[in-house]
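Just follow the structure's listing: the first ligand is 1, and inside any ligand the first atom is 1. Sequential numbering from 1 along the given sequence is applied to the chain's residues.
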Amino acid sequence: MCVRVRVRPLIFVPVSFMIIMKLSTGANDVAARLNSSGFFRTQGLIGGKWVDAYAGKTIEVNNPATGEVIANVACMGTRETNDAISSAYDAFKSWSKFTAAERSKCLRKWYDLIMANKEQLGELITLEQGKPLKEAIGEVSYGASFLEFSAEEAKRVYGDIIPSPLADRRLFVLKQPVGVVGAITPWNFPLAMITRKVGPALAAGCTVVIKPSEFTPLTALAAAELAHQAGVPPGVVNVVMGNAPEIGDALLASTQVRKITFTGSTAVGKKLMAGAAGTVKKVSLELGGNAPCIIFDDADIEVAIKGTLGSKFRNSGQTCVCANRILVQDGIYDKFASALADAVKNLKVGDGFSEGVVQGPLINEAAVQKVETLLQDAVSKGAKVLLGGKRHDLGFTFYEPTIISDINNEMRISREEVFGPVATLLRFKTEDEAISIANDTNAGLAAYFFSSNVQRTWRVAEALEYGIVGVNEGLVSTEVAPFGGVKQSGLGREGSKYGMDEFLEMKYVCMGNMS
Ligand code: SIN
């Protein structure tokens, strides 16, 4: 079901123009600039054509900082998705035959166009997602880097020759594209989570149907427009959005879709995995985390504060790799807690377009309510609020950067992803105790620890049951390293040379009668 659905008016007024008139002055300037940029799109992209939802339905996209309507975009479902799949299937026949160098050129051009429009894409991200403009522009560079990296990797998809045990045979392995890929992406990184999937998919020779989040479709549509301008052929990149269950079901049911790649909640990831079983598709899942951030007594406190702030408060706490539990050793606990409070109270909260703001709004009211519920549960079980702990005076979906102490692993806040600007402190005594608390979760995406002891560094890095470990560093994401989790945090890796394998099949060829 499409939420916040509106039926389009009968009189034709370009939808995007019609709605930006309602915005506040600052946002209106931004929207007007975006409107003239040529990539402010509100229709879906199917087979190289921008199309409305077949039933004419639209869905509102709101600015999370104000609630204002930014645009009404096409609200699509089963029929549009099936057409997008058919287009991707047809396009696969030729795209997979392009040489690696040709695919590489398209990706490189796409990268160049995104970088050339970095500021405006950043503004679009701030407008629909809320993150501060500087951070949003940072996301554009981060997102673009996956395209640049994939353009380079496209040329390095090597096979293998296997020494044959029989004299008259020659054995080798070909790597070939999986086929049509369904890419389901989240709202917290509206650009980077698309390019991290679509870059390697296209480099490998796959075609894609993207379903962006209903909260942030405009960035996805802008990226698709730039892909088109970069010369990516019609049907290679398709975008449908709106009715998430219908789109998801159509992608899962289709025998033409050979792979689902998803970033989002663990609950939805499990459903997709189960749904993919019907047609035995490949799946890559980047799901929820519950990152421990361990501060040992021997840590450099300045490094630990900087790293913890970076990890915890990036995107207002709304990343899968945000520190979710901060475990602090007894000997450094008080000093660390007070230094963290000093740093956190200086974080400026506000509209992402305002100068100096480093903490934007949460994505919506439900996100704020979740933070409130987890905090209430923790406080009712003995946690103490050291800083913040309530909605911000700015109102709406702004929440105060918060620190709470006296956490234990039985509280909901230690078991669930907070996805908000709340740092939770837990005191521990020994290294073994810290590792045991850190690993006591079904999640296994990212973990961090801070220590100046080189032996401990190896020991702890090896003992943590996580796919990503930051040592004396809170910001670890990069296009050149494998991103992904273990346990219920997902399957597969994105980025790096390993990310390409997710979009490739191996074919073993045995040639006989060769003597
Ligand atoms: C995520 O939160 O899903 C991605 C974070 C990142 O790429 O660093």
Side-chain angles (χ1 to χ4, degrees), residues 122 125 129-132 134-150 183-200 210-213 215-216 219-220 223 260-269 272 283-293 307-324 360 362-363 367 370 416-422 443-448 466-470 473-496 498-499 502:
I125 291 176
Q129 197 274 339
K131 66 178 70 171
K134 197 166 160 212
E135 200 173 334
I137 294 173
E139 181 187 337
V140 178
S141 299
Y142 175 50
S145 72
F146 292 106
L147 299 180
E148 186 186 40
F149 188 85
S150 303
I184 304 176
T185 59
W187 51 262
N188 61 344
F189 290 86
L191 180 71
M193 295 305 102
I194 289 177
T195 52
R196 193 156 81 183
K197 294 169 179 9
V198 176
I210 304 168
K211 191 217 80 73
S213 163
F215 300 126
T216 55
T219 309
I260 296 288
T261 171
F262 169 71
T263 295
S265 73
T266 306
V268 173
L272 291 172
V283 285
S284 296
L285 303 170
E286 298 297 345
L287 309 179
N290 182 2
C293 176
T308 306
L309 273 183
S311 164
K312 175 67 251 181
F313 291 96
R314 177 175 173 223
N315 202 10
S316 300
Q318 302 173 109
T319 86
C320 300
V321 289
C322 277
N324 209 52
L362 298 194
I363 189 70
K370 182 178 179 198
E416 297 173 36
E417 245 183 336
V418 180
F419 244 63
V422 181
L445 185 55
Y448 308 87
Y466 289 84
I468 302 168
V469 178
E473 182 54 65
L475 298 173
V476 291
S477 305
T478 157
E479 77 281 11
V480 302
F483 187 102
V486 300
K487 299 202 238 173
Q488 294 184 23
S489 284
L491 290 175
R493 293 293 180 270
E494 292 189 332
S496 79
Y498 307 105
E502 306 288 335

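- Of all atoms in ligand 1, numbered sequentially from 1 with element shown, those under 4.0 Å from a heavy atom of Y142 are 6 (C), 7 (O), 8 (O).
- With ligand atoms numbered from 1 in the order given, ligand 1 contributes 4 (C), 5 (C), 6 (C), 7 (O), 8 (O) to contacts under 4.0 Å with heavy atoms of F483.
- Taking only nitrogen or oxygen atoms, main chain and side chain alike, T319 does not reach within less than 3.5 Å of ligand 1.
- At a heavy-atom distance under 4.0 Å, only side-chain atoms of M193, from C-beta outward, approach ligand 1.
- Interatomic distance, F146 CZ to K197 NZ, rounded to the nearest 0.5 Å: 9.5 Å.
- For the atom pair E135 CD and F313 CZ, the distance stands at 12.5 Å (nearest 0.5 Å).
- Judged by distance alone, with hydrogens and angles left aside, the side-chain atoms of K211 form no donor-acceptor pair with the main-chain N or O of I184 at under 3.5 Å.
- Close approach of ligand 1 to C320 (heavy-atom distance below 4.0 Å) involves ligand atoms 1 (C), 2 (O), 3 (O).
- Atom OH of Y498 has 12 or fewer heavy atoms from other residues, nucleotides or ligands within 6.0 Å.
- Distances between N or O atoms of Q318 and those of ligand 1 include no value under 3.5 Å.
- Of the heavy atoms in R314, only side-chain atoms (C-beta onward) come closer than 4.0 Å to ligand 1.
- Here CG of N188 is found 12.0 Å from CZ of F215. Values are rounded to the nearest 0.5 Å.
- Taking every heavy atom of S477 and a limit of under 4.0 angstrom, the matching atoms of ligand 1 come to 6 (C), 7 (O), 8 (O).
- Counting only heavy atoms of the protein, atom 5 (C) of ligand 1 lies nearest to F189 CE1, 3.6 Å.
- Within the listing of ligand 1, atoms 3 (O) sit less than 4.0 angstrom from a heavy atom of T263.
- Within the 3.5 Å criterion, the main-chain N or O of I363 finds a donor-acceptor partner in the side chain of Q318.
- Side-chain contact between K131 and R314 is absent, with no heavy-atom pair separated by less than 4.5 Å.
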